[in-house]
Amino acid sequence: MDEQPRLMHSHGVGMAGHPGLAQHMQDGTAGTDGEGRKQDIGDILQQIMTITDQSLDEAQARKHALNCHRMKPALFNVLCEIKEKTVLSIRGAQEEEPPDPQLMRLDNMLLAEGVAGPEKGGGSAAAAAAAAATGGIGADNSAEHSDYRAKLSQIRQIYHTELEKYEQACNEFTTHVMNLLREQSRTRPISPKEIERMVSIIHRKFSSIQMQLKQSTCEAVMILRSRFLDARRKRRNFNKQATEILNEYFYSHLSNPYPSEEAKEELAKKCAITVSQVSNWFGNKRIRYKKNIGKFQEEANMYAARTAVNATSVSAHGSQANSPSTPNSAGGYPSPCYQPDRRIQ
DNA sequence: AAAGATGATTAGTC
DNA sequence: GACTAATCATCTTT
């Protein structure tokens with residue numbers, strides 16, 4: 001009951017400024033008197049200012065009164081409930097989406113490549129797997145291997161810093177929005193569910209940005225990997241000694257230049273290359289020799305002579321470092337004319 | 001820079 | 001799976 005007079009009073013104060021203005025309008029005399037007019041305008045401005053001030057004060061007071069009203073929580077609860085129902089009926093269906101298959105693919109790949117997941121170990125494991133895929137990496141390729149690892153860990157580092165940045169930004173933004181909503185929930189009905197929904201929307205937006213990061217990281221890894229795996233890109237000639245060992249074997253087995261698996265392994269060991277490299281070498285050599293025997297004649301003669309010299313010095317001195325491991329025709333010149341025999345063709 | 005040499009890859013055969 | 005023949009990509013020589 002005592003609320004009413006106060007309200008009336010404050011209302012009265014609000015109106016108190018108006019009679020003066022109304023009076024002016026009614027007289028119509030102000031237009032003729034310059035001095036009076038100036039003063040009147042000053043009065044009006046003054047009154048407007050007071051009105052504004054008073055209105056603001058009033059608005060604040062009303063807001064405060066509303067905030068403190070004992071029925072407010074109940075009212076907001078009801079409003080929230082109604083809002084929840086309408087919002088849910090509008091977009092309730094599309095709420096729970098399944099995990100994005102593409103994102104899962106990217107995640108799996110990053111994990112497999114050792115970019116995501118535990119430190120270091122994964123990376124070198126992936127590099128080792130890549131090395132195994134090429135058919136084995138020799139000791140002389142370890143430099144390239146470590147280069148690969150270095151680049152991979154560089155990618156890894158960039159990925160993690162970026163990811164961290166995104167996560168931090170996401171968290172900051174989330175807390176900011178949550179604070180804002182909590183602040184606003186004092187003046188408008190906001191349910192906790194609504195806040196939750198807003199947070200999930202933010203997370204979804206940020207995860208789509210994250211996906212772009214993951215995608216570009218995957219691309220970088222793929223490029224690095226393909227460059228590392230494509231050995232042709234960084235082909236190195238075998239060193240002179242290795243070539244000599246291989247040629248010695250080839251020309252001393254000219255009638256049947258097909259080293260057995262054991263012989264290949266031994267040659268690989270001697271030349272510090274892989275068995276498949278030995279196989280490649282013999283494959284290339286056979287076909288190229290066969291294609292142009294004339295061109296290789298000189299080379300054939302040279303190695304044949306050397307083998308012969310080695311053989312004689314072996315018999316003379318008992319040991320020789322450079323002798324071929326399994327000469328097939330010790331004592332005589334192996335035929336410099338390799339007939340493309342039964343095996344070939 | 002062009003030509004030749006060489007190691008690796010690929011399709012096809014046995 | 002080993003091999004041939006053709007080819008590619010790079011290295012080396014001219």
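So that the names make sense, note that chain A is the first sequence line, chain B the second, and so on, each numbered from 1. Only heavy atoms go into these numbers, but all of them, side chains included; no hydrogens, no water, no symmetry mates.
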Can you list everything that forms a side-chain contact (heavy atoms from CB on, under 4.5 Å) with A:Leu181? Sequence neighbours excluded, please.
A:Val177, A:Gln184, A:Arg188, A:Ile190, A:Ile195, A:Met198

Between B:dA5 atom P and A:Leu246 atom CG, what is the distance in whole Å?
18 Å

Look at A:Gln277 and B:dA8 and indicate whether a side-chain polar atom (N or O) is within less than 4.0 Å of OP1 or OP2.
yes

Can you sort out the partners of A:Phe76 under side-chain contact (heavy atoms from CB on, under 4.5 Å), two or more places apart, ordered by chain and number?
A:Lys72, A:Leu79, A:Pro189

Nearest of B:dA8, C:dT4, B:dG7 to any side-chain atom of A:Thr243?
B:dG7

Identify which nucleotide among C:dC3, C:dA2, C:dC11 has an atom closest to any side-chain atom of A:Glu261, counting heavy atoms from C-beta outward.
C:dA2

Under 4.0 Å, heavy atoms only, any strand: does A:Lys285 hit a base, just the sugar-phosphate, or nothing?
nothing

Distance check: side-chain N/O of A:Arg288 vs OP1/OP2 of B:dA5, anything under 4.0 Å?
no

Residues forming a salt bridge (Lys or Arg N to Asp or Glu O under 4.0 Å) with A:Glu167, sequence neighbours excluded:
none

What residues form a side-chain contact (heavy atoms from CB on, under 4.5 Å) with A:Met211, not counting sequence neighbours?
A:Asp100, A:Gln102, A:Leu103, A:Leu106

Taking only residues two or more places apart in sequence, or in another chain, which ones meet A:Asn237 in a side-chain contact (heavy atoms from CB on, under 4.5 Å)?
A:Arg235

Which one, B:dA8, C:dC3, C:dT10, comes nearest to the side chain of A:Arg235?
C:dT10

When you compare the protein's N or O atoms with those of nucleotides 12-14 of chain C, which come within less than 3.5 Å of each other, and at what distance?
none

